[in-house]
Protein chains: 2
Amino acid sequence: MTARPRQSWTAIAREVSRRISDGDWPAGALIPNEADLAQEFGCARATVSRALRELADQGLLDRRRRAGTRVRELPERRARLDIPVMRQQVERRGARYGYLLLLREVLPPPSPVAATLALPQQVPALHLRALHNADEAPFLLEDRWINLRAVPDAETADFARENANEWLLRNVPLTTGELGLTACAAAPEEAELLNCAPGDALFQQDRITINDGERVTWVRSLYAPGYRMRLAL
Amino acid sequence: MTARPRQSWTAIAREVSRRISDGDWPAGALIPNEADLAQEFGCARATVSRALRELADQGLLDRRRRAGTRVRELPERRARLDIPVMRQQVERRGARYGYLLLLREVLPPPSPVAATLALPQQVPALHLRALHNADEAPFLLEDRWINLRAVPDAETADFARENANEWLLRNVPLTTGELGLTACAAAPEEAELLNCAPGDALFQQDRITINDGERVTWVRSLYAPGYRMRLAL
DNA sequence: TAGTGGTCTAGACCACCCA
DNA sequence: GGGTGGTCTAGACCACTAT
């Protein structure tokens, strides 16, 4: 009796990957079911399941009950973006972080913002404009609206001292949302604050944050020229 | 004897999330170990493990053997980007996809590209320039270098018919890599191809693709003005 | 060295959904 | 109806690392 070696889910995932990239299992093909693979690899079905789930998470496989597991026709590339807080983003560049609140007011937001926050017209919200600096140089200009119905405490928070991003992370830690990225030309006012020329190409990030179905905040961030966002593929 | 209800890992993940957002387990705190939680929730340790692993993947917890599981000080936001192939990206906008190869040549790449591809100087690589259209309007201009040492078959592929992205997906399906995003001003030549004005702000995406340690391709993509990339938070 | 998370097993039941 | 993936259990051993 020879003891069979213990299989690991990573080894199985690698082998399945190999079969796909070598064309043993072409795009669109149905692959053997978990039980059969478990027998082939000499391991428990749960181990195969773990391996296949990982590959499905990577977008390489499509799994459906009863229908089985298929190789995706065009494997979708997935990239992950880790968004550190601004302070870390600046400090990782070896610069000193600075923060300046430019504007704080409570008033009904313009209607596109009201719609995004799912607020009825004329309901006031908290409007903030702030500048994040790296070694005194402007790094990011943010224009933010906070839904005071979702986070009433924000009205009394001192956003001159703590930036809204970190305050929200502490007070509403569990959120989902959406990110929109685009390029835009610097408006004159923005150019002045970011210390660049009007019309310069800026990296713009719009973000809506949702907590348990409630729209918490909308923020438009403009990065100073030269900013580069990195994602791991 | 009352049978205890079966616990699900999602329910446990929700409960742990709740304890974090309610401040029962503040940022930085050590939470009970898996065995204790399993006892508390009346389930198997594997179920707790699955729940905590998911929250750790989301960036909410830090888990280390022996040291235990901690609530992250500043929960890192993570966003996922699904990158469909260009054809789907265009068709999802309800437009007809078009593709045009502008340039194909084999020659040693400029040194920054050579360095990125980890190629010695003077080693030729495949250089492609192509335009992707949406309903006849230019949508994306790509400038690509392919490492022929990594994928020799690319030299004989017909990139006038099939775009390099899809060809590579079929032939080198399993890759990792890195994505860089930034904003840039349109150069005159680029402006003409993208049908916009020189100096217009463009969304630029640089991508390096790695297969099993080998640098496969580097590509710089310029999107026509107005493009917006969306990520799920 | 001891305590923690990481993983594997063998078995079971269930949810889904195609035929 | 029946086959598939999805999950849970109870138990075990292992890998890592703080102390």
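The shown structure was predicted, so the numbers you read here are calculated from the model rather than taken from an experiment. Below, chains carry the letters A, B, ... as their sequence lines are ordered, and counting in each starts from 1. Computation of the quantities below employed the complete heavy-atom set of this structure, encompassing side-chain atoms and omitting hydrogens, waters and symmetry-equivalent molecules.
- Heavy-atom distances to DNA chain D give each of A/G68 and A/S49 a nearest nucleotide, and the one nearer the 5′ end belongs to A/G68.
- Between the C1' atom of D/dT4 and the CZ atom of A/R53 lies a distance of 16 Å, rounded to the nearest Å.
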Report, one line per pair, each donor and acceptor closer than 3.5 Å where one atom sits in a side chain of residues 39-49 of chain B; sequence neighbours left out.
residue	atom	partner	partner atom	Å
B/E40	OE1	B/R19	NH1	3.4
B/E40	OE2	B/R19	NH1	3.3
B/E40	OE2	B/R19	NH2	2.6
B/R45	NH1	B/E34	OE1	2.6
B/S49	OG	B/E34	OE2	3.1

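- As a whole-Å value, the separation of B/L52 CG from C/dT7 C1' is 15 Å.
- Salt-bridge formation is detected for the pair A/E54/A/R50: a Lys NZ or Arg NE/NH1/NH2 atom is positioned less than 4.0 Å from an Asp or Glu carboxylate oxygen.
- Comparing C/dT7, C/dT9, D/dG6 by their closest approach to the side chain of A/W9 singles out C/dT7.
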Taking only nitrogen or oxygen atoms into account, show me every contact under 3.5 Å that the protein makes with nucleotides 15-19 of chain D, one pair per line with its distance.
residue	atom	partner	partner atom	Å
D/dA15	O4'	B/R65	NH2	3.4
D/dA15	N3	B/R65	NE	3.0
D/dA18	OP1	B/R64	NH2	2.7

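- Protein atom CZ of A/R50 is 18 Å distant from nucleotide atom P of D/dG5, rounded to whole Å.
- Here B/T47 does not reach the OP1 or OP2 of D/dT7: none of its side-chain N or O atoms lies under 4.0 Å away.
- Regarding B/E34, its CD atom lies at a distance of 14 Å from the C1' atom of C/dC8, rounded to whole Å.
- Salt-bridge annotation for B/R72 and B/D62: present, with a side-chain N of the basic residue lying under 4.0 Å from a carboxylate O of the acidic one.
- At whole-Å resolution of the value, CG in A/D62 and P in C/dC17 are 13 Å apart.
- Looking at the side chain of A/T69, the nearest of the listed nucleotides D/dA10, C/dT7, D/dG5 is D/dG5.
- In this structure, the CZ atom of B/R45 is 19 Å from the P atom of D/dT7, given to the nearest Å.
- Residue B/L37 contributes atom CG, which lies 13 Å from atom P of C/dG6 at whole-angstrom precision.
- In this structure, the CZ atom of A/R63 is 14 Å from the C1' atom of C/dC16, given to the nearest Å.
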